[in-house]
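Structure record follows, encoded as structure tokens.
Values below: all heavy atoms of this structure, side chains included; hydrogens, waters and symmetry mates excluded.
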Amino acid sequence: MPESIRIGDYVRGPVTSSLDITGYAKIGEFELSDFLTRWESLHDDALQVIPERIHPTARIHPTAIIGEDVIIGPRVRVHEFSTVRKRSVLAAGVSVGFGCEVTHSFIGENTVLGHQVGIGHSIIGTDAHLSANLVIAAISLWNYDMRVPVKEIVLHGPGDEEPYRCTTSRFGGLIGDHVQTGSMITIGPGIAVGRHSAIAAGVCMGSSIVPAASVVRSSSPGAVIEPRRI
């Protein structure tokens with residue numbers, strides 16, 4: 001298990017929107033746990049410098065709910081009955097489908113969220129495609145009171161190595177650029193998926209690191225990770 005997880009090994013920072021004048025432009029330079037610790041203050045700083053919190057070219061359906069601290073870039077589309085809240089960022093060209101919920105998450109440029117996708121406290125890369133009925137959970141089930149989580153999220157490797165500590169009780173996943181998923185998937189809390197990977201329909205897994213260019217398939221018990229053949 002790596003002692004350090006560099007976000008830039010998974011996710012490219014935004015380059016085509018007003019986010020390039022904020023700390024989000026350097027998201028790839030952060031170590032994951034350091035970013036999670038500083039995320040709220042970094043977002044608050046971004047709100048102070050961006051010229052427009054919601055870009056005028058964004059198309060938001062009247063039934064969608066957008067939080068007052070959300071940043072939405074150019075050419076973003078948010079469809080019916082979706083909610084985006086709690087310091088979330090939708091970078092340029094993002095599409096959020098019908099009935100989604102995005103909470104305190106960064107969604108990279110040109111990424112597509114299918115219908116009824118739920119994402120919490122996560123970092124999603126560019127050009128990813130997350131299909132319908134996917135959930136990225138952010139809080140461990142093993143908290144005594146899940147309304148006030150205290151159990152730290154960690155990532156476990158395949159062996160007996162020490163887990164990677166996220167230094168927070170709320171973290172869903174780090175999903176790399178160009179990742180594709182099937183439908184009816186639950187991942188997290190605490191998962192890192194490398195670039196150009198694919199997660200097949202029906203997978204349920206968390207607390208793992210998936211190498212770049214892998215395929216994750218549902219199996220009994222657990223899930224199987226294997227190299228992706230393109």
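Residues S197 and A212 come closest through the heavy atom pair OG-C, 3.7 Å. Shown here for I21 and P51, the closest heavy-atom pair between the two residues is CD1-CD, 4.1 Å. The two residues S88 and V84 have their closest heavy-atom pair at CB-CG1, 3.7 Å. Scanning both residues, L155 and I191, for their nearest heavy atoms gives CD2-N, 3.4 Å. Across all non-hydrogen atoms, the minimal contact from I50 to L47 is CG1-O, 4.0 Å. Across every non-hydrogen atom of I124 and A128, the tightest pair is CG2-CB, 4.1 Å.
Atoms OG and CZ, on S95 and R75 in that order, are 12.5 Å from each other to the nearest 0.5 Å. Taking NE2 from H104 and CG from L36, the interatomic distance works out to 8.0 Å, rounded to the nearest 0.5 Å. Distance check: L19 CG to I27 CD1 gives 9.5 Å after rounding to the nearest 0.5 Å. To the nearest 0.5 Å, atoms OG1 (T186) and CE (M205) are separated by 12.0 Å. Between the CD1 atom in I199 and the OG1 atom in T181 there is a gap of 6.5 Å [rounded to 0.5 Å]. Here I66 contributes atom CD1 and I71 contributes atom CD1; the two are 12.5 Å apart, rounded to the nearest 0.5 Å.
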Checking I187 against I175 for the side chain to side chain contact (heavy atoms under 4.5 Å, CB included) test, could you report, in this order, the C-alpha distance in whole Å, the side-chain angles of both residues, the deciding distance, and whether it holds?
CA-CA 10 Å; I187 54 178; I175 309 300; 4.0 Å; yes
Could you walk me through whether I123 and L32 pass side chain to side chain contact (heavy atoms under 4.5 Å, CB included), step by step?
CA-CA 10 Å; I123 303 165; L32 176 59; 4.0 Å; yes
Audit row: I107, V96, side chain to side chain contact (heavy atoms under 4.5 Å, CB included) steps and yes/no:
CA-CA 10 Å; I107 312 297; V96 177; over 6 Å; no
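Side-chain atoms of D44 and R87, non-hydrogen and from C-beta on, do get closer than 4.5 Å to each other. No side-chain heavy atom of R170 sits under 4.5 Å from any side-chain heavy atom of I153. With a 4.5 Å cut-off on side-chain heavy atoms, V102 and V70 do not count as touching. Residues S169 and V150 have side chains not in contact (no heavy-atom distance under 4.5 Å, counting atoms from C-beta outward). Between D45 and T22 the shortest side-chain heavy-atom distance does not fall below 4.5 Å.
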Got a list of side-chain donor-acceptor pairs under 3.5 Å for residues 6-14, not counting sequence neighbours?
{"unit_1": "R6", "atom_1": "NH1", "unit_2": "D9", "atom_2": "OD1", "d": "3.1"}
{"unit_1": "R12", "atom_1": "NH2", "unit_2": "E109", "atom_2": "OE1", "d": "2.8"}

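Pairs of residues two or more places apart, or lying in two chains, that qualify as salt bridge (charged side-chain N to carboxylate O under 4.0 Å, His left out) and include a residue from residues 76-86 are R85-E101. The side chain to side chain donor-acceptor pair (under 3.5 Å) pairs that include a residue from residues 112-140 are T126-D177, where partners are two or more places apart or lie in different chains. Each side chain to side chain donor-acceptor pair (under 3.5 Å) pair with one or both residues in residues 46-56, not counting sequence neighbours, appears once here: H55-T57. For residues 61-96, the pairs satisfying ring-ring contact (aromatic ring centres under 6.0 Å, His included) are F81-F98, with sequence neighbours left out.
For L42, the side chain to side chain contact (heavy atoms under 4.5 Å, CB included) partners at least two apart in sequence or on another chain are Y24, F30, F35.
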